[in-house]
Peer 1: 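Below you'll find the structure I mean.
The structure displayed is predicted, hence computed values, not measured ones. We name chains A, B, ... by the order of the sequence lines, and we start the count at 1 in each one.
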Number of protein chains: 2
Amino acid sequence: MKSTIDEDLRAAGHRLTRTRRAVLGVLERTKYPLSASELYERLQKNKVSIDLVTVYRTLTVLRDLGVVAQIELHKEGQARFEIRHGREHHHHIRCQVCGRIADLLLCPLKKLTAFIEKETQFIVNEHTLEFSGLCPKCQ
Amino acid sequence: MKSTIDEDLRAAGHRLTRTRRAVLGVLERTKYPLSASELYERLQKNKVSIDLVTVYRTLTVLRDLGVVAQIELHKEGQARFEIRHGREHHHHIRCQVCGRIADLLLCPLKKLTAFIEKETQFIVNEHTLEFSGLCPKCQ
DNA sequence: ACCTAATTGCAAATCTCTTGCAATTATAAA
DNA sequence: TTTATAATTGCAAGAGATTTGCAATTAGGT
């Protein structure tokens, strides 16, 4: 997986540096999408000293290459990122009380996208579909 | 419609002031969701002098009452608001080039929501479903 | 080893949104 | 209509997320 990411980076004139490896490592070890500052905190806990700005820049590069997905959950006011490489396209649900995020390994939108393109004459490139509610513990 | 909004506000111990009427007026006249700063600009053009902070506070009150809906489009980094009163629940698509926003008068998620509740044991309270792509002019 | 371009850190700026506080205003009871 | 009370507003300041400028460092190819 990292080998493919390396190739993707190189193909775009970028490098897979120690820093980027560390960022990717944290993302790979986490089972839910992380915000830049959460990622930064985890790097610090791992004794990896990387500036928050570098985290942002790294995430931008990886996102533009399609290596990570940028996710915006409802009313969060910050972006989250997760590894996309090798994972099925999916969505999320977040608990409005404790903030727990769970994956939803589904996407009902293939047919709908075609319909929308016909109706609106837009070309649909992306969609966000995120749910929020109460997790079992918080109900 | 404004009469109902008035009732909703009063029922919650709030008032439908001149200021709030002006905010609602702009939202009613606009056919797509506005950000706080866009709303503020439009008020200024209408010679209505309302502080941006008041716009934010007004939108918060109206949103919490369910009078307006808060919408977050992909990679925008800001919230948008539109009147909900009397409108069907719906979604949006935004052009990645020119930013034009169109309504999508549909929602395919009723059945899916029930499915998600069964699968995850969450109670689903909200969802965001937004599309982005290229509008006819920008393709 | 050398050159060039990519990467990083640090400081500072920007943008969106929130909070504190005092002044103003609406509403309802007296 | 006067008064008391709570809601509303503006202004200044703060907080959080993200971006930009710039100089120093580093990786990779030649």
Peer 1: Regarding A:R80, tell me which of base, sugar-phosphate or nothing describes its non-hydrogen contacts under 4.0 Å with the strands shown.
Peer 2: nothing
Peer 1: Would you say a side-chain N or O of A:R18 is under 4.0 Å from OP1 or OP2 of D:dA27?
Peer 2: yes
Peer 1: Ring centres under 6.0 Å, that's the criterion: do B:H127 and B:H89 meet it?
Peer 2: yes
Peer 1: Over the length of the helix from C:dA1-D:dT30 to C:dA30-D:dT1, how much do the five-pair end axes diverge, rounded to 10 degrees?
Peer 2: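 What I find for the helix from C:dA1-D:dT30 to C:dA30-D:dT1 is an axis angle of 30°.
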Peer 1: Establish whether the base of C:dG20 is bridged to the side chain of B:R57 by a donor-acceptor pair shorter than 3.5 Å.
Peer 2: yes
Peer 1: Within the structure, does a side-chain N or O atom of A:Y56 lie under 4.0 Å from either OP1 or OP2 of D:dT18?
Peer 2: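 Yes, within the criterion.
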Peer 1: Give the minimum heavy-atom separation between B:H91 and B:E130, together with the two atoms involved.
Peer 2: C-OE1, 4.0 Å
Peer 1: Starting at CD1 of B:I93, measure out to OG1 of A:T120 and round the result to the nearest 0.5 Å.
Peer 2: 4.5 Å
Peer 1: Just to be sure I understand the rule, does B:L52 reach a base, reach only the sugar-phosphate, or reach nothing, if contact means heavy atoms closer than 4.0 Å?
Peer 2: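 Nothing, no heavy atom under 4.0 Å.
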Peer 1: Test A:E28 against A:H85 for side-chain hydrogen bond (donor to acceptor under 3.5 Å, both in side chains), laying out the working first.
Peer 2: CA-CA 10 Å; A:E28 273 165 1; A:H85 247 82; over 6 Å; no
Peer 1: Counting any heavy atom closer than 4.0 Å, what does B:T19 reach on the DNA or RNA strands: base, sugar-phosphate only, or nothing?
Peer 2: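 Touches sugar-phosphate only.
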Peer 1: Give a yes/no on whether any side-chain N or O of A:R20 is located under 4.0 angstrom from OP1 or OP2 of C:dT8.
Peer 2: yes
Peer 1: Would you say D:dG28 has OP1 or OP2 under 4.0 Å from some side-chain N or O of A:R10?
Peer 2: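 Affirmative; the distance criterion is met.
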Peer 1: Strictly below 4.0 Å: does B:T17 bring a side-chain N or O up to OP1 or OP2 of D:dT8?
Peer 2: no
Peer 1: So, taking the atom named CD in A:E119 and the one named CG in B:L106, what distance separates them when rounded to the nearest 0.5 Å?
Peer 2: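 One finds 8.5 Å between CD of A:E119 and CG of B:L106.
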Peer 1: Pick the nucleotide of DNA chain C nearest each of B:G77 and A:S49; which residue has the one closer to the 5' end?
Peer 2: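 Counting from the 5' end, the first nearest nucleotide belongs to A:S49.
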Peer 1: Categorize B:S37 for me: base, sugar-phosphate, or nothing, with a 4.0 angstrom heavy-atom threshold over every strand shown.
Peer 2: nothing
Peer 1: Nearest 0.5 Å, please: how far is CG in B:L112 from NZ in B:K110?
Peer 2: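 So the NZ of B:K110 and the CG of B:L112 are separated by 12.0 Å.
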